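Report on the structure given below.
In what follows, every heavy atom counts, from backbone to side chain, and hydrogens, waters and symmetry copies are set aside. Bear in mind that the values here come from a model prediction, so they are computed numbers and not experimental data.
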Number of protein chains: 2
Amino acid sequence: MPRDGGATRDLLLDVAERLVERNGFAATSVEMILSEAGSSKGAFFHHFSSKRALAHALVERYVAADLGTLAAGLEAASGESDPVAKLLAFLDYFVGRASALTSESACLYIAVLVEQDLLDDVTSAHVERAIIGWREAVAALMREAFAAMPWDRPRPEPEDLADQLFVVIEGAFLMCRAAGSPEPMRAQLLVYRQLVAALL
Amino acid sequence: MPRDGGATRDLLLDVAERLVERNGFAATSVEMILSEAGSSKGAFFHHFSSKRALAHALVERYVAADLGTLAAGLEAASGESDPVAKLLAFLDYFVGRASALTSESACLYIAVLVEQDLLDDVTSAHVERAIIGWREAVAALMREAFAAMPWDRPRPEPEDLADQLFVVIEGAFLMCRAAGSPEPMRAQLLVYRQLVAALL
DNA sequence: TCCTTTCCAGACCGTTCGGTCTGTTTGTAG
DNA sequence: CTACAAACAGACCGAACGGTCTGGAAAGGA
């Protein structure tokens with residue numbers, strides 16, 4: 001093999017992700033990516049058969065990283081043996097990392113979901129995989145915490161409550177955009193943590 | 001005055017809103033809007049000086065409608081004299097109208113916020129106005145309900161808890177997109193309602 | 001009636017888009 | 001050293017983009 005194609009491919013993905021998160025997919029031209037990356041069309045269409053193929057690769061990589069931070073949160077909470085403490089430690093992990101989340105100005109999922117054209121079999125399968133990953137892991141934590149803590153009033157279904165975390169994170173991304181500040185992410189994650197804690 | 005220009009303008013806004021909510025702003029061309037509306041470029045650029053001016057008009061109209069549904073929710077809850085019942089009635093109003101919210105497949109705010117280029121003085125001022133409108137009205141309901149219902153544990157700030165409603169709605173819009181179903185909107189609003197109710 | 005102003009249709013323009021193609025460089029295997 | 005395939009650079013293409021311009025139709029005031 002000649003020059004290291006993997007490095008160029010990664011660079012193109014890095015630059016593309018930044019630009020797409022800032023301006024959306026349709027508003028980000030291939031030429032902008034190339035100019036920013038200091039690359040050329042030859043390189044781009046060598047690594048990606050089309051702009052849509054770039055979107056597929058972009059989402060696949062993003063989902064992998066996203067499920068990675070989920071795993072990191074689970075790992076951070078794994079020290080706690082008490083189910084309630086474990087759930088709260090899990091949530092605290094993301095509250096603490098809120099500023100790191102919003103350093104990248106927005107979430108790629110939003111850019112993909114906002115354009116129906118981009119929601120083909122490939123992208124929607126990837127996003128669905130991410131959502132289900134979060135749902136199942138968080139719902140399991142919820143169930144254990146609930147079982148350890150009887151309650152007189154009815155509680156939400158753990159799956160729906162787990163989805164609420166995903167929903168709050170995505171919504172908070174949008175509010176950060178509107179506010180022009182990363183602060184709402186932390187505030188909203190903290191509110192979610194407090195609301196969940198009130199069920200325990 | 002010649003033919004009724006207002007009707008054409010409204011039609012263009014209606015069609016544009018539908019297409020932008022479906023595919024985003026950048027991916028929606030002026031010609032697509034015209035073809036869908038059965039109109040022409042002459043008409044379009046007579047009513048809007050540029051595509052950006054269309055975005056401004058679109059957001060302005062959407063914010064007005066959005067604050068209208070907020071007012072409708074407040075009106076629906078105004079019958080209750082007890083602050084707690086009033087807050088819950090307010091939230092129930094939106095749970096009940098969840099399917100109506102997601103009939104329009106997505107929220108225009110998302111399409112605007114996802115493209116940084118679109119966030120100029122005009123659009124960001126409109127969106128901020130909407131967010132503050134919801135925050136202040138909902139936070140007021142929260143404060144009254146909290147005051148009527150003492151609590152031993154610390155509660156979230158009413159403003160942050162009010163923002164959480166906006167955040168959940170926007171996030172739920174995205175989840176509806178990912179799921180290809182309007183169902184998550186209702187489920188997530190219900191979860192939010194249950195979480196708030198657990199504080200009372 | 002006629003004139004004016006608004007409203008609209010559609011041809012047209014320069015630019016930019018995603019994508020193709022040709023040619024050259026670069027690492028590696030034999 | 002040679003051959004070959006992967007990796008890239010950049011000119012080029014047709015289509016589509018946002019926007020302009022000219023001409024004509026429709027309504028109201030004089």
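- On a pure distance criterion of 3.5 Å, no polar donor-acceptor pair joins the side chain of B/K51 and the base of D/dG19.
- Rounded to the nearest 0.5 angstrom, A/L161 CG and A/Y192 OH are separated by 4.0 Å.
- Here D/dG18 presents its C1' atom at 6 Å from NZ of B/K41, a figure rounded to the nearest Å.
- At D/dC8, none of the side-chain N or O atoms of A/H46 fall inside 4.0 Å of OP1 or OP2 (strictly under the cut-off).
- For the OP1/OP2 pair of C/dC17 and a distance below 4.0 Å, the side-chain nitrogens and oxygens of A/S29 include at least one atom meeting the criterion.
- When the nearest nucleotides of DNA chain C are assigned to B/T8 and A/M32 by heavy-atom distance, the more 5′-ward of the two goes with B/T8.
- Applying the 4.0 Å criterion to OP1 and OP2 of D/dC8, one finds that A/H47 has a side-chain N or O inside that range.
- Between the A/R135 side chain and the A/E159 main chain, no donor and acceptor come within less than 3.5 Å of each other.
- At least one side-chain heavy atom of B/L200 sits less than 4.5 Å from a side-chain heavy atom of B/R155.
- Phosphate contact (OP1/OP2 of C/dA9, side-chain N/O of B/S39, threshold under 4.0 Å): present.
- Using modelled atom types and a 3.5 Å distance limit, the side chains of B/W134 and B/D66 yield a donor-acceptor pair.
- The CD-P distance, from B/E31 to C/dG10, rounds to 13 Å in whole Å.
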